[in-house]
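Taking it in order: structure first as structure tokens, then the write-up.
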Amino acid sequence: MSSMIKILVVDDDPDIIEILRYNLSLAGYQVKTAFNGKEAVKKAKLFLPEIILLDIMMPEMDGIEACTQIKSLPSLNKTMIIFLSARSEDFTQIAAFDAGGDDYISKPVKPKILLRKIRSVVKRIHSSVNENTRIELDNIVIDRNEYLVKIDNNNIKLPRKEFELFFLLASKPRKVFTRDEIMSKVWGINVVVGDRTIDVHIRKLREKIGGNFLKTVKGVGYKFELL
């Protein structure tokens with residue numbers, strides 16, 4: 001299975017590039033490398049990787065901008081992007097996820113942890129084929145193929161993590177999703193993010209979709225309810 005997966009590794013540090021390339025190649029993945037965001041966008045268009053390991057702080061174009069550009073391309077909008085960064089502040093992680101990132105690994109990267117993370121992402125890639133892709137509830141349509149929300153025929157574009165969070169909650173109206181469930185299903189079981197990450201994304205969703213669909217269940221989590 002791993003030999004079918006293509007991975008683009010992007011970092012401005014040649015030593016990190018070589019360590020990651022060596023370990024991923026040894027595990028059977030097809031690997032190409034880039035040293036900045038601009039080069040990453042160019043190579044991603046040609047290579048069409050399933051996974052991109054993307055450093056945040058780089059010259060010419062940083063990882064956040066590179067991720068935004070890559071995710072805007074129809075041929076790459078389902079590519080899984082794992083950010084690499086020595087910075088661990090909540091706002092950095094939130095910016096990474098808002099740009100379309102799917103996961104986050106703090107530096108220094110340990111090969112065993114990286115390979116475990118990659119295997120987890122590969123499982124998500126293969127399992128996502130069988131997931132429901134569309135939810136229709138009264139005046140709301142949530143389409144995973146287009147990452148688009150329609151409310152009263154008005155299109156609402158959401159960043160990937162906000163969309164996945166909304167899709168999850170709307171997939172089972174009135175069910176209370178615990179914070180642990182949300183973190184596991186939207187961010188992944190191995191992702192470590194700040195305690196406020198879910199709250200920030202809920203607040204942004206409420207601002208964008210309007211209404212009062214997202215209910216807080218104090219001390220437990222969140223649920224979706226139609227008005």
Side-chain angles (χ1 to χ4, degrees), residues 1-12 16-17 20-21 23-25 27-58 60-85 92-105 109 113-133 143-148 157-168 185-191 193 201:
M1 181 173 67
S2 62
S3 62
M4 301 295 291
I5 296 294
K6 295 183 289 187
I7 301 177
L8 177 63
V9 180
V10 189
D11 200 295
D12 60 336
I16 291 176
I17 285 274
L20 298 183
R21 186 204 62 76
N23 282 279
L24 291 168
S25 297
Y29 299 103
Q30 298 179 51
V31 183
K32 287 193 181 296
T33 61
F35 291 92
N36 59 64
K38 189 177 291 185
E39 184 183 5
V41 175
K42 187 182 298 183
K43 286 197 173 182
K45 290 178 182 178
L46 299 173
F47 187 43
L48 298 178
E50 284 85 7
I51 299 171
I52 299 176
L53 297 177
L54 187 60
D55 186 30
I56 290 183
M57 302 297 290
M58 294 183 293
E60 294 196 48
M61 181 189 293
D62 66 24
I64 301 294
E65 176 61 26
C67 179
T68 301
Q69 290 196 22
I70 288 167
K71 288 291 189 176
S72 71
L73 300 170
S75 61
L76 294 166
N77 65 3
K78 291 185 179 179
T79 294
M80 306 292 274
I81 294 181
I82 302 175
F83 278 104
L84 309 173
S85 180
T92 301
Q93 294 180 18
I94 291 170
F97 286 123
D98 282 351
D102 298 282
D103 219 325
Y104 193 103
I105 300 178
V109 180
I113 293 176
L114 171 68
L115 292 173
R116 188 169 69 238
K117 182 83 71 177
I118 293 293
R119 286 193 294 270
S120 174
V121 170
V122 169
K123 286 180 181 178
R124 286 161 62 187
I125 291 172
H126 287 283
S127 65
S128 66
V129 174
N130 299 317
E131 290 180 352
N132 293 330
T133 58
D143 191 327
R144 181 176 258 140
N145 288 326
E146 299 183 23
Y147 273 80
L148 182 68
K157 282 282 189 181
L158 299 173
R160 188 183 186 108
K161 289 303 174 187
E162 289 178 32
F163 178 92
E164 292 291 354
L165 176 55
F166 190 42
F167 192 99
L168 173 66
K185 293 178 183 294
V186 177
W187 278 271
I189 58 175
N190 296 317
V191 179
V193 297
H201 280 72

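Both backbone and side-chain heavy atoms feed into the values below; hydrogens, waters and symmetry mates do not. Please read these numbers as outputs of a predicted model, since none were measured by experiment. Residues: numbered from 1 along the sequence shown.
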N/O donor to acceptor pairs below 3.5 angstrom from side-chain atoms of residues 65-74, sequence neighbours left out:
residue : atom : partner : partner atom : Å
Glu65   : OE2  : Gln69   : NE2          : 3.0
Thr68   : OG1  : Ile64   : O            : 3.0
Lys71   : NZ   : Thr79   : O            : 2.4
Lys71   : NZ   : Asp102  : OD2          : 3.3
Ser72   : OG   : Gln69   : O            : 2.6

Can you find a heavy atom in the side chain of [X] that is under 4.5 Å from one in the side chain of [Y]?
| X | Y | answer |
| --- | --- | --- |
| Ile118 | Ile82 | yes |
| Leu148 | Lys157 | yes |
| Phe47 | Ile52 | no |
| Leu53 | Leu114 | yes |
| Leu24 | Leu115 | yes |

Nearest 0.5 Å, what's the [atom1]-[atom2] distance between [X] and [Y]?
| X | Y | atom1 | atom2 | value |
| --- | --- | --- | --- | --- |
| Lys42 | Asn36 | NZ | CG | 9.0 Å |
| Asn77 | Glu146 | CG | CD | 10.0 Å |
| Thr133 | Phe167 | OG1 | CZ | 7.0 Å |
| Lys32 | Leu8 | NZ | CG | 9.5 Å |

In sequence, state the C-alpha distance, the side-chain angles, and the governing distance for Val109 and Ile16, and then conclude on side-chain contact (heavy atoms from CB on, under 4.5 Å). CA-CA 9 Å; Val109 180; Ile16 291 176; 5.8 Å; no
Looking at Thr33, is its backbone amide N or carbonyl O close enough to the side chain of Lys43 to form a donor-acceptor pair, meaning the two atoms are under 3.5 Å apart? yes
The test is side-chain contact (heavy atoms from CB on, under 4.5 Å); show your working for Tyr29 and Val122 and say whether it passes. CA-CA 11 Å; Tyr29 299 103; Val122 169; 4.3 Å; yes
Nearest non-hydrogen partners of [X] and [Y], listed with the distance:
| X | Y | result |
| --- | --- | --- |
| Ile56 | Ala96 | CD1-CB, 4.4 Å |
| Phe35 | Met58 | O-SD, 4.3 Å |
| Asp55 | Met57 | OD2-O, 2.9 Å |
| Leu76 | Pro49 | CD2-CD, 4.1 Å |
| Lys117 | Tyr104 | NZ-O, 4.1 Å |
| Val186 | Lys161 | O-NZ, 2.7 Å |

Could you give me the CA-CA distance, side-chain angles and deciding distance for Val31 and Arg21, then say whether side-chain contact (heavy atoms from CB on, under 4.5 Å) is met? CA-CA 6 Å; Val31 183; Arg21 186 204 62 76; 3.9 Å; yes
Can you confirm whether Met61 is buried at CE, in the sense that more than 12 heavy atoms of other residues, nucleotides or ligands lie under 6.0 Å from that atom? yes
With the threshold set at 4.0 Å, does a side-chain nitrogen-carboxylate oxygen contact exist between Lys78 and Glu50? no
Tyr147 meets the ring-ring contact (aromatic ring centres under 6.0 Å, His included) criterion, sequence neighbours left out, with Phe163
Would you please name every residue forming a ring-ring contact (aromatic ring centres under 6.0 Å, His included) with Phe83, sequence neighbours left out? none
One pair to check against side-chain contact (heavy atoms from CB on, under 4.5 Å): Leu84 and Leu20. What are the steps and the verdict? CA-CA 11 Å; Leu84 309 173; Leu20 298 183; 3.8 Å; yes
